[in-house]
Amino acid sequence: MAILRTPEGKEFVVSVGQAPLEVLPPDRRYLVARTRDGRLWDLFRPVERDDEVLEVLTFEDPQGREVYWHSTAHILAEAVKELFPEAKLTIGPPIEEGFYYDFDMGDYTFTPEDLEAIEARMKEIVARDEKVFRKVLTKEEARKLFEERNEPYKLEILEEIEGDTVTVYGQGDFLDLCRGPHVPSTGYIGALKVLSASSAYWRGEEGNPVLQRIYGISFPTEEALQAFLERREEAMRRDHRKLGRELELFTFSDEVGPGLPIWLPRGAVIRRIIEDLWRREHDARGYQIVYTPHVGRSHLWATSGHLEAYRENMFPEMRLSEHESYYVKPMNCPFHIQIYKHTARSYRDLPLRLAEIGTVYRYERSGVLHGLLRVRGFTQDDAHIFCTPDQAKDEVKGVVRFAFDLLKMFGFDTFEVYLSTRPDQYVGSLEMWEHATRSLADALEEMGLSYEVDEGGGAFYGPKIDIILRDALGRRWQLSTVQFDFNLPERFELTFRGPDGKEHRPYMIHRALFGSFERFLGVLIEHYAGNFPFWLAPTQVVILPITDAQAPYAHELAARLKAAGIRVEVDDRNERVGYKIREAETKKIPVMFVVGKREMAEGKVSVRLHGEGDQGVHALEDILPVLEEANRPGKSLALQTV
RNA sequence: GCUGGCGUAGCUCAGGGGUAGAGCAGCGGAUUUGUAAUCCGCGGGUCGGGGGUUCGAAUCCCUCCGCCAGCUCCA
């Protein structure tokens with residue numbers, strides 16, 4: 001007798017040859033089951049083993065959700081085949097959020113009307129509640145089947161499957177080569193939406209046939225679907241490209257070139273605050289801050305290996321003469337290495353921590369540029385640590401702690417850590433790789449951090465740690481990175497004199513905390529939805545005199561705020577307060593002081609907070625300390641303490 | 001780089017072979033105003049660049065540039 005266990009902890013007995021569906025209560029939250037050895041099992045597939053324990057999965061389970069979306073992808077494919085019989089099926093997997101299905105449509109591309117029709121047909125298929133079936137066929141049978149159905153891509157996939165038999169799944173007249181499993185019938189899908197269409201290559205390779213891809217998503221309830229769509233719209237409202245323009249933080253110019261951000265004064269304020277904080281913290285943690293040139297001779301990049309390994313990401317050569325040429329830098333490391341090498345180094349110099357706010361240029365393919373998040377010119381918060389093998393672990397700990405301390409000041413509190421290990425192609429000795437990887441892992445473990453290992457995910461020159469954070473919307477961003485480099489010390493023949501009087505090769509660690517200021521600003525804009533905390537806001541306080549009579553008083557207040565280090569503006573234009581308030585709210589200025597006849601007479605201000613409205617009348621002496629406190633990095637405005 | 005879509009005023013957008021439009025923003029004037037848009041007036045454009053078709057092109061065609069979505073790449 002096999003056992004079925006529901007997420008609520010109820011158990012049901014099912015005998016061999018019987019399908020779980022026959023004994024489970026009729027509840028469409030039950031999608032699929034997981035066997036004891038981790039395989040997924042259709043609820044309509046008869047149990048084969050007597051000692052089996054099947055765990056029933058719902059949409060709440062990540063694997064259950066994948067099956068749900070995969071089944072919806074099949075419904076999408078069925079709808080497309082009904083509406084466009086000439087469409088050729090390819091693949092249709094679940095993805096992080098939803099699913100897609102790729103079709104070969106010849107020269108045809110789907111129109112928005114097509115997508116509406118497809119969605120409507122999918123809903124019909126759900127309403128038909130077609131039973132899903134599973135068949136095991138020999139390869140020969142399957143080949144015949146897909147030849148009859150004229151599905152060349154399925155035949156191609158079929159040839160790559162190992163073993164003698166394959167499974168096909170289907171519903172109604174729809175049939176697909178598929179490993180499964182699937183939900184028992186199309187009626188299991190509660191709410192669905194076709195999201196978009198685009199193109200993709202067959203197997204993702206340029207030169208292969210171009211396919212039409214349709215994205216969609218589904219949820220058990222209409223409410224969950226609506227919540228998803230609202231979150232999606234919220235993400236669009238927060239788009240840093242839109243907010244960056246509206247708040248006048250940065251811009252791009254066709255005349256300057258694509259992917260080359262221009263920091264407007266208001267964005268530059270934010271950057272300067274972050275840079276100042278960054279410098280202070282680096283001073284405090286034993287880094288030495290340096291500056292290096294933006295270009296270097298070709299020979300440098302030949303030595304570093306960039307011309308070999310990184311050329312396609314570099315802007316082309318600047319030729320001065322037949323024998324001399326330069327490249328604009330895509331990385332700062334070769335320059336920091338020159339700083340290391342400018343004098344003989346002893347073990348007493350180590351660890352040597354060189355930090356630079358260094359602007360680099362990388363030639364990104366035109367199609368990948370995206371606002372501030374993917375650009376061709378950007379400024380890294382870079383540092384290189386040169387140390388002995390024995391120091392490596394503590395240096396890694398220092399960097400990881402530094403990254404967390406810094407990022408937490410921006411309200412990020414959920415982090416994921418990934419450790420990437422040696423890939424197949426690598427430089428350096430196995431001993432070094434093992435030691436460095438051990439240092440990274442030990443550092444994380446001693447800090448009590450849990451992490452995931454990306455086996456073989458390291459760069460060819462060394463293992464690394466990446467820190468991924470989640471923003472206010474729960475989206476993941478990779479910012480900080482710590483990477484060992486066994487390549488450059490070798491190529492540049494870096495050495496230090498050890499206590500034994502002999503020459504040794506130092507370890508080199510690349511690290512960035514924010515990644516780049518451009519990307520970090522982009523992330524911050526979306527994280528805060530443009531509502532920067534008081535300490536980061538380009539304009540922190542705007543003073544709004546009601547009539548010209550209060551203008552001198554407003555300027556007097558502004559001078560006092562300015563003296564206290566507050567970024568303040570006076571809006572003494574000849575407009576009504578309502579107008580000035582609306583404008584200040586639109587610009588997301590955190591604090592407004594409204595001053596009229598009454599406030600001036602009492603020497604007070606009427607305080608209004610962005611998004612929160614009128615906070616009543618206060619004396620400046622009471623408000624100023626609160627603002628000064630909120631002006632410190634990482635702090636927030638706490639007006640209730642007044 | 002590839003596939004598809006889109007480039008009209010600073011911004012958001014209408015117009016799609018017959019003399020370029022709206023709202024907001026800007027500028028000028030009036031108004032001196034109490035917590036998210038006061039009224040009146042004015043200026044603003046090589047319709048992304050170049051080439052072609054046509055008596056005539058913002059509109060149709062070609063090409064280049066840029067933006068957007070996805071792919072690929074990167075991490």
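Chain letters run A, B, ... following the sequence lines, proteins first, then strands; residues in each count from 1. What you see is a predicted model; the values in this text were computed from it and never measured.
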* Asked: When you check the phosphate oxygens OP1 and OP2 of C39(B), does a side-chain N or O of Tyr579(A) lie under 4.0 Å from one of them?
  -> no
* Looking across every strand, which nucleic acid part, if any, lies under 4.0 Å from Lys587(A) by heavy atom: base, sugar-phosphate, or nothing? -> nothing
* To do: Tell me what Gln478(A) touches on the nucleic acid: a base, only sugar-phosphate, or nothing, going by heavy atoms under 4.0 Å.
  => sugar-phosphate
* Structure fact -> From CD of Glu248(A) across to P of G26(B) the rounded distance in Å is 11 Å
* For A69(B), does OP1 or OP2 lie under 4.0 Å from any side-chain N or O of His370(A)? -> yes
* Within this structure, what is the CG-to-C1' distance between Asp572(A) and U32(B), rounded to whole angstrom? -> 13 Å
* Asked: Looking only at N and O atoms, is any donor in the side chain of Arg365(A) or the base of U72(B) less than 3.5 Å from an acceptor on the other one?
  -> yes
* Mate of G23(B) where both pairing distances stay under 3.5 Å, Watson-Crick or G-U -> C11(B)
* Phosphate oxygens OP1/OP2 of C68(B): is one of them under 4.0 Å from a side-chain N or O of Arg241(A)? -> yes
* Asked: Within a radius of less than 6.0 Å around NZ of Lys242(A), do more than 12 heavy atoms belonging to other residues, nucleotides or ligands occur?
  -> yes
* Structure fact -> Leu373(A) atom CG is separated from A69(B) atom P, nearest whole Å, by 10 Å
* **Glu312(A), CD atom: more than 12 neighbouring heavy atoms under 6.0 Å** => yes
* By a strict heavy-atom criterion of less than 4.0 Å, which residues belonging to residues 539-551 of chain A are in contact with RNA chain B? -> Ile546(A), Thr547(A), Asp548(A)
* Asked: Should we count NZ of Lys193(A) as having more than 12 external heavy atoms under 6.0 Å?
  -> no
* Checking all strands, does Arg245(A) fall into the base, sugar-phosphate, or nothing category for heavy-atom contacts under 4.0 angstrom? -> sugar-phosphate
* Starting at atom CD1 of Ile95(A), determine the distance to atom P of C71(B), rounded to an integer number of angstrom. => 8 Å
* Which residues satisfy the salt bridge (charged side-chain N to carboxylate O under 4.0 Å, His left out) test with Glu160(A), sequence neighbours excluded? -> Arg203(A)
* Side-chain N,O (Tyr215(A)) to OP1/OP2 (C71(B)) below 4.0 Å -> yes
* Asked: Looking across every strand, which nucleic acid part, if any, lies under 4.0 Å from Lys580(A) by heavy atom: base, sugar-phosphate, or nothing?
  -> nothing
* Can you check the Phe103(A) CZ to G4(B) C1' distance for me, whole Å? -> 17 Å
* Give one of base, sugar-phosphate or nothing for Glu575(A), where a contact means two heavy atoms less than 4.0 Å apart. => base
